[in-house]
Novice: 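If you scroll down you'll find the structure; I have some questions about it.
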Protein chains: 2
Amino acid sequence: MGRDDNDSSPQMGTALVHSMLEQRQDQAAGGRLVVNGGQPCRACPLADCEGLRQPPPDVRDWIAAFRHGDMRFARGEQVYAQATRPRFLYTVLSGVLMRSRLLEDGRRQIINFMFPGDFIGLQAALDAEMGHAVEAMTNVTLCTFVRERFFDLVAQQPRLSFDLTWLAAHEEAALEEHLVSLGQRNARERMAALAVFLVQRGIDTGIAPDGVLTLTVTQGQIAEMLGLSLVHTNRTLQALRRIGLVDWTLTSIRIPDIAAARAFAKIDGSVFSSRPYI
Amino acid sequence: MGRDDNDSSPQMGTALVHSMLEQRQDQAAGGRLVVNGGQPCRACPLADCEGLRQPPPDVRDWIAAFRHGDMRFARGEQVYAQATRPRFLYTVLSGVLMRSRLLEDGRRQIINFMFPGDFIGLQAALDAEMGHAVEAMTNVTLCTFVRERFFDLVAQQPRLSFDLTWLAAHEEAALEEHLVSLGQRNARERMAALAVFLVQRGIDTGIAPDGVLTLTVTQGQIAEMLGLSLVHTNRTLQALRRIGLVDWTLTSIRIPDIAAARAFAKIDGSVFSSRPYI
DNA sequence: CGCTTGGTTGAGGGACCTCAAAAGGCGTGG
DNA sequence: CCACGCCTTTTGAGGTCCCTCAACCAAGCG
């Protein structure tokens with residue numbers, strides 16, 4: 001192993017790692033933050049999302065008072081860096097992000113992706129530094145919460161606290177599935193499993209209405225998610241396309257027969273019921 | 001890939017997979033459950049554990065009323081099976097357990113290990129079935145809680161709810177680390193990383209006072225954790241032993257120089273502060 | 001136009017896998 | 001006490017999946 005694809009952008013030499021680690025989210029907080037006045041949550045884009053369970057009005061009002069504001073990031077920008085303690089916790093309002101972890105020698109592992117409704121930053125709700133970085137894969141808007149006030153949420157809104165636990169538990173289940181992929185599945189199974197995962201999440205969150213997820217993912221990023229080399233990722237991708245199982249281009253993921261892809265990747269059909277959000 | 005070590009016990013043919021999946025925890029609940037009367041938490045073995053942050057007296061009393069009883073499992077027994085909805089949530093009082101996930105074709109991935117103080121079963125606190133099985137690696141005793149009453153805990157004890165979030169977040173961080181291992185590290189790095197992880201947890205929970213963790217792990221189990229074949233696991237293990245980095249036998253793990261092993265496996269020294277428990 | 005980003009292809013090598021067999025512990029039973 | 005079975009470890013040999021190195025192609029953009 002010891003993979004350094006010097007030609008692909010997400011990878012980099014050891015020299016650049018430090019500068020990446022040093023990049024703080026502080027600079028971003030400057031001009032980016034938009035604090036809404038009035039009743040912001042009335043216009044919450046998540047209120048229209050079918051895959052999400054809507055909070056009752058009183059809870060929504062509470063959230064409206066609890067939240068701090070909005071934040072926007074462009075594709076490729078970093079929400080926060082590894083080994084920092086960001087000031088905020090976030091809920092994804094729109095767009096897709098990814099979480100990744102860097103090794104000292106420049107190797108990078110993409111941990112998971114975040115879709116609308118997902119809660120970001122639980123790890124830092126407590127004392128710890130973040131063990132990962134979060135980066136926008138599309139233009140995104142996030143709903144921000146002040147980290148210091150997190151305990152107020154737990155103390156005052158048991159229902160939300162419960163929902164948070166729900167989200168954390170399901171995030172953990174997703175990581176377990178990825179762990180199974182990396183440990184037990186070969187390249188083609190892995191890629192199929194990832195494609196199914198992404199498309200399914202796209203469907204659930206209403207981003208992929210017709211079963212086709214429009215999302216820009218480079219093959220380098222796929223490689224970093226699957227723990228494969230860039231070259232082999234390319235070949236595996238072509239193989240899946242040739243078989244007709246998954247058609248994954250730079251800008252979209254199309255799965256003609258999801259059930260078939262599921263069977264191929266040996267995914268048990270654990271269908272998630274409607275997710276809560278905060 | 002497609003690994004079937006028919007000769008090693010943890011692995012099995014597809015025929016046996018179903019019987020394993022069908023094994024319910026119900027049967028276990030029969031004679032095993034021991035409900036303590038009086039003030040059980042006064043004698044809680046976790047109260048002596050240095051690595052754990054102790055709850056204040058009133059909270060401890062609340063837990064004492066909230067808990068349901070104790071349960072014991074012998075090494076090799078299953079606490080609950082995959083795709084079931086166990087009636088209880090658990091806190092590990094003593095012993096070590098592992099969490100694993102089965103694929104339909106018999107491949108198995110060990111997800112993580114649980115040490116004293118760890119909370120088990122959060123995933124099913126809600127609506128979902130468990131996506132994994134939990135099995136005892138030593139004789140263990142668990143503290144049980146009735147799952148239906150979980151919301152009471154969140155509603156009445158924000159501090160405990162917060163602690164639960166803490167535990168969930170750190171469990172997630174551990175899974176992230178394992179993901180990095182499987183995705184980016186080669187066999188030797190993986191094995192060193194796992195050994196360091198286990199020994200560190202052993203030290204933190206007081207099971208490995210002298211830095212040597214006494215724990216029976218077969219090479220087959222190591223293989224299932226690392227996503228390696230049994231044969232290659234054996235050879236890698238010998239290589240690490242020859243180098244003098246990790247001495248991992250069937251019954252114990254010894255790391256002469258933890259810092260060296262950490263550097264070798266490229267683990268950032270994220271030292272956990274004292275864990276809470278419930 | 002050159003530069004950058006992302007994709008594609010070929011060739012060779014190495015890490016890891018599978019198949020196969022044997023040996024060392026440890027209990028059980030004759 | 002030895003024989004026997006069971007589990008776990010060990011070792012050998014051959015194969016393959018995946019990696020690295022190294023080009024080259026295509027599209028977008030100043």
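Naming: A, B, ... by sequence-line order, numbering from 1 per chain.
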Novice: Could you tell me if the side chain of B/Leu194 sits less than 4.5 Å from the side chain of B/Trp248, heavy atoms only?
Specialist: yes

Novice: Rounded to the nearest angstrom, tell me the gap between atom CG in B/Asn186 and atom C1' in D/dT20.
Specialist: 15 Å

Novice: Donor-acceptor pair, A/Glu172 side chain versus B/Glu171 backbone, under 3.5 Å?
Specialist: no

Novice: Between D/dT8 atom P and B/Ile222 atom CD1, what is the distance in whole Å?
Specialist: 12 Å

Novice: Where along residues 234-256 of chain A does a heavy atom fall under 4.0 Å from DNA chain C?
Specialist: A/Asn234, A/Arg235, A/Gln238, A/Arg241, A/Leu250

Novice: Can you check whether A/Phe197's main-chain N or O pairs, donor with acceptor, with A/Gln200's side chain at less than 3.5 Å?
Specialist: no

Novice: Compare every heavy atom of A/Gln221 with every heavy atom of A/Thr216, then report the nearest pair and how far apart it is.
Specialist: O-OE1, 4.1 Å

Novice: Between the opening five pairs and the closing five pairs of the helix from C/dT8-D/dA23 to C/dG30-D/dC1, how far apart are the helix axes, to 10°?
Specialist: 30°

Novice: Of A/Arg99, A/Arg108, A/Arg101, A/Arg75, which meets salt bridge (charged side-chain N to carboxylate O under 4.0 Å, His left out) against A/Glu135?
Specialist: A/Arg108

Novice: From CD of A/Glu189 over to C1' of D/dC18, roughly how many Å is that when rounded to an integer?
Specialist: 15 Å

Novice: Would you say CZ of B/Arg201 has more than 12 non-hydrogen atoms from neighbouring residues, nucleotides or ligands within 6.0 angstrom?
Specialist: yes

Novice: When you get a sec, tell me which of D/dT20, C/dC16, C/dG6 is the closest nucleotide to the side chain of A/Thr218?
Specialist: C/dG6

Novice: Could you tell me how far apart A/Met191 (CE) and D/dC18 (C1') are, to the nearest whole angstrom?
Specialist: 12 Å

Novice: Whether the side chain of B/Arg185 engages the backbone of B/Ala265 through a donor-acceptor N/O pair (distance < 3.5 Å, no angle test) should be reported.
Specialist: yes

Novice: Distance check needed: D/dC19 P versus A/Leu226 CG, whole Å only.
Specialist: 10 Å

Novice: For a quick test of reading the model: is some side-chain N or O of B/Gln219 closer than 4.0 Å to OP1 or OP2 of D/dT10?
Specialist: yes

Novice: So which protein N/O to nucleotides 25-29 of chain D N/O distances come out below 3.5 Å?
Specialist:
none

Novice: Donor-acceptor pair, distance only, cut-off 3.5 Å: does the side chain of B/Thr138 make one with the backbone of B/Val96?
Specialist: yes

Novice: Taking A/Arg241 as the fixed residue, which of A/Thr249, A/Asp247, A/Thr236 is the one that meets the side chain to side chain donor-acceptor pair (under 3.5 Å) rule?
Specialist: A/Asp247

Novice: Can you tell me if the side-chain N/O atoms of B/Gln221 get under 4.0 Å from OP1 or OP2 in D/dT8?
Specialist: no

Novice: Taking the side chain of B/Leu230 as heavy atoms from C-beta outward, which of D/dG12, C/dC17, D/dT9 is closest to it?
Specialist: D/dT9

Novice: Heavy atoms only: give me the nearest B/Thr233-B/Ala223 pair and the separation to one decimal.
Specialist: OG1-CB, 3.2 Å

Novice: Just wondering, do A/Tyr80 and A/His132 contact through their side chains at under 4.5 Å, heavy atoms?
Specialist: yes

Novice: Of all the choices, C/dC16, D/dT9, D/dC18, which nucleotide is nearest to the side chain of A/Ala187 once you look at every atom?
Specialist: D/dC18

Novice: Rounded to whole angstrom units, what separation is found between the NE2 atom of A/His232 and the C1' atom of D/dC21?
Specialist: 17 Å

Novice: Between C/dC17, D/dC21, D/dT11, which one does the side chain of B/Leu228 approach most closely?
Specialist: C/dC17

Novice: Could you give the CZ-to-C1' distance, from B/Arg107 to C/dC17, as a whole number of Å?
Specialist: 13 Å

Novice: Would you sort out whether A/Met114 and A/Ile120 count as a side chain to side chain contact (heavy atoms under 4.5 Å, CB included), showing the intermediate values?
Specialist: CA-CA 8 Å; A/Met114 280 99 103; A/Ile120 305 180; 3.6 Å; yes

